[in-house]
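To keep things clear, I will list the structure first and then write my remarks on it.
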Amino acid sequence: MRSYIDIPADHPFPIQNLPYGAFRPGDGGAPRVGVAIGEHVLDLAELQRAGLLEDAVFDRPSLNAFLALGGAAWARTRTSLQHLLDADTPTLRDDDALRGRALHDRAAVEMLLPAEIGDYTDFYASREHATNVGTMFRGADKALMPNWRHLPVGYHGRASSVVPSGTPVRRPHGQTAPAEEGGAPGFGPSRQLDFELEMGMLIGPGNPLGEPVAAAGAADHVFGLMLVNDWSARDIQRWEYVPLGPFLAKSFATSVSPWVVPLAALEPFRVPAVEQEPAVLPYLQVPGRATYDIALEVGLRSEGMAAPETIC
């Protein structure tokens, strides 16, 4: 499949991807839903008004209404978009007026939070990460808690401080451990601020209260994936952490990418999950290719650096 829009072979947004997001046009129009294609944003609200999309949920400031429709609608829309953008389809390619309304330069639009996030759960899912953080707080011999190998450890985060990537993050103030045992705690800006590179999932239809979702069917509820930077004030967290858990040290900001890659676009990258030892209880077991092979890296650039340095 090839798009009629000229896109370099190594571009992250080819016709096979088509990530979704919420944006405001450069002319100051109302927020609406779009997909990224090359260096453009395809305006789904305009396609909806032109009668080219079946579901009338895109002239809205977030993806929530689309998420609620479920897998059949997601697949139907993706098929329609790939058809409209295909090099052999004349609809957009030959209609200058529609193309002028529906295609925006990505550099000229304002990207917004892709969804209205009522709640989120942060899972402690990477053994390497859990070991690193556990070592920081409890020492290497007690890095992993006894439950970690048996259940998905998670906690709820503060949804009100989830922001789109690029939003400035302010260093939080808080208490830190006393300099000497029995002394008074300190107070001031965090001196050990970091962020965690994570993958976020946007959940679609969900389930009625009290009705469980089987692990093997969980992916049917996942619309797509997005990058997450989970900010942490580690010195404040170390003092707050015992015996309860994350509080101010973890709730001041969580950055998410404005683009959400639909799960369907990642199908070629499905792989078997890492073997779990010991095996988890049967209700948590998922057969087959249950995860994705996705390469990520982090670059850090200070004001005095001409280019970012890859740090992991």
*Under the ring pair (Phe, Tyr, Trp, His ring centres under 6.0 Å) criterion, do Y124 and H129 qualify, and how do the steps go?*
CA-CA 8 Å; Y124 212 33; H129 171 65; 5.8 Å; yes
*For the pair D141 and T135, evaluate side-chain contact (heavy atoms from CB on, under 4.5 Å) and give the outcome as yes or no after the intermediate values.*
CA-CA 8 Å; D141 57 333; T135 300; over 6 Å; no
*Please report the closest heavy-atom contact between A115 and S62, naming both atoms and the distance.*
CA-CB, 4.0 Å
*Among the clusters formed by ILVMFWY side chains lying less than 4.5 Å apart, do L103 and L92 turn up in the same one?*
yes
*Find out whether V298 and N229 are in side-chain contact, i.e. whether some heavy atom of one side chain is under 4.5 Å from a heavy atom of the other.*
no
*Worked check of salt bridge (charged side-chain N to carboxylate O under 4.0 Å, His left out) between E54 and R76*: CA-CA 8 Å; E54 185 172 333; R76 181 169 59 242; 3.5 Å; yes
*Below 4.5 Å, heavy atoms only, C-beta onward: do Y120 and T254 meet side chain to side chain?*
yes
*Any side-chain heavy atom of W239 sitting closer than 4.5 Å to one from P178?*
yes
*Can L112 and R24 be said to form a side-chain contact (heavy atoms from CB on, under 4.5 Å), step by step?*
CA-CA 7 Å; L112 309 172; R24 180 180 285 109; 3.8 Å; yes
*Looking at CD1 of I37 and CD of E39, how far apart are the two atoms once the value is rounded to the nearest 0.5 Å?*
10.5 Å
*asked:* If I take atom CD from residue E46 and atom CG from residue L53, how far apart are they, to the nearest 0.5 angstrom?
replied: 11.5 Å
_If you define the side chain from C-beta out and look only at heavy atoms, does anything of V228 sit under 4.5 Å from L197?_
no
*Looking at the rings of F123 and Y155, which for Trp means the six-membered one, are their centres under 6.0 Å apart?*
no
*asked:* Between E116 and R60, does any side-chain N to carboxylate O distance fall below 4.0 Å?
replied: no
_Count I, L, V, M, F, W, Y as connected when their side-chain heavy atoms are under 4.5 Å apart, and connections chain through other members. Are V169 and L248 then in the same cluster?_
no
*What are the two closest heavy atoms between M1 and Q82, and how far apart are they?*
SD-CB, 3.6 Å
*What about L225 and L113, same hydrophobic cluster or not, with Ile/Leu/Val/Met/Phe/Trp/Tyr joined at side-chain heavy-atom distances under 4.5 Å?*
no
*Could you walk me through whether F247 and I236 pass the side-chain contact (heavy atoms from CB on, under 4.5 Å) test, one step at a time?*
CA-CA 9 Å; F247 182 46; I236 297 173; over 6 Å; no
*For V163, does its backbone N or O pair with a side-chain atom of T167 as donor and acceptor, under 3.5 Å?*
no
*Check the pair R171 / W231 against side-chain contact (heavy atoms from CB on, under 4.5 Å), numbers first and verdict last.*
CA-CA 10 Å; R171 184 181 299 271; W231 297 84; over 6 Å; no
*Looking at W74 versus F223, is the centre-to-centre ring distance below 6.0 Å?*
yes
_Using modelled atom types and a 3.5 Å cut-off, is there a donor and acceptor pairing between side-chain atoms of D27 and backbone atoms of G29?_
yes
*Specify the closest pair of heavy atoms between P262 and P19, including all atoms of both residues, with the distance to one decimal.*
CD-CA, 3.9 Å
*Exercise: identify the closest heavy-atom pair between L284 and H150*: CD1-O, 3.6 Å
*Side-chain contact test, heavy atoms from C-beta onward, threshold under 4.5 Å: evaluate it for V222 versus L202 and give yes or no.*
no
_NZ/NE/NH1/NH2 to OD/OE distance under 4.0 Å, D86 and R2_ = no
*Using a strict cut-off of less than 4.0 Å between a Lys/Arg side-chain nitrogen and an Asp/Glu carboxylate oxygen, indicate whether E277 and R149 qualify as a salt bridge.*
no
*Going through the checks in order, is the side chain to side chain donor-acceptor pair (under 3.5 Å) test met by S190 and D235?*
CA-CA 7 Å; S190 171; D235 46 352; 2.8 Å; yes
*Going hydrophobic residue to hydrophobic residue with side-chain gaps under 4.5 angstrom, can you get from L44 over to L63?*
yes
*Could you go step by step and tell me if R234 and E196 meet the salt bridge (charged side-chain N to carboxylate O under 4.0 Å, His left out) rule?*
CA-CA 11 Å; R234 297 301 186 187; E196 301 155 72; 3.3 Å; yes
*Side-chain touch R99/Y4, heavy atoms, less than 4.5 angstrom*: yes
*CZ-CG distance between R93 and L98, expressed to the nearest 0.5 angstrom*: 13.5 Å
*Output the distance between atom CG (L296) and atom CD (E198), rounded to the nearest 0.5 Å.*
11.5 Å
*Is any side-chain heavy atom of H221 closer than 4.5 Å to a side-chain heavy atom of M201?*
no
_Given 3.5 Å as the limit, does a donor-acceptor pair link the side chain of Q48 with the main chain of V57, or not?_
yes
*Got a sec: does the CG of D6 have more than 12 other heavy atoms crowding it under 6.0 Å?*
no
*Going by atom types only, do S232 and Q237 share a side-chain donor-acceptor pair under 3.5 Å?*
no
_What I'd like to find out is whether the side chain of R238 reaches to under 4.5 Å of the side chain of M136, using heavy atoms alone._
yes
_With a 3.5 Å distance limit and no angle check, can you tell me whether T89 reaches the backbone of H83 through a side-chain donor-acceptor pair?_
yes
_For F13 together with H40, are the ring centres under 6.0 Å from each other?_
no
_Once rounded to the nearest 0.5 Å, what's the spacing between atom CZ of R49 and atom CZ of F58?_
12.5 Å
_Nearest 0.5 angstrom please: D59 CG to R32 CZ, how far?_
6.5 Å
*Grab the two heavy atoms, one from E267 and one from R289, that are nearest each other, plus how far apart they are.*
OE2-NH2, 3.7 Å
_Quick check: is V41 connected to Y20 through a chain of hydrophobic side chains (ILVMFWY, heavy atoms under 4.5 Å apart)?_
no
*asked:* Quick one: does any side-chain atom of T131 pair with a main-chain N or O of A143 as donor and acceptor, under 3.5 Å?
replied: no
*Between R101 and D43, is there a side-chain N and carboxylate O pair less than 4.0 Å apart?*
no
*Decide, yes or no, whether a salt bridge links R270 with D293 under the criterion of side-chain N to carboxylate O below 4.0 Å.*
no
*How would you list, by chain and number, every residue that makes a side-chain contact (heavy atoms from CB on, under 4.5 Å) with S257, sequence neighbours excluded?*
M226, L227
*Compare every heavy atom of V261 with every heavy atom of A265, then report the nearest pair and how far apart it is.*
CB-CG1, 4.0 Å
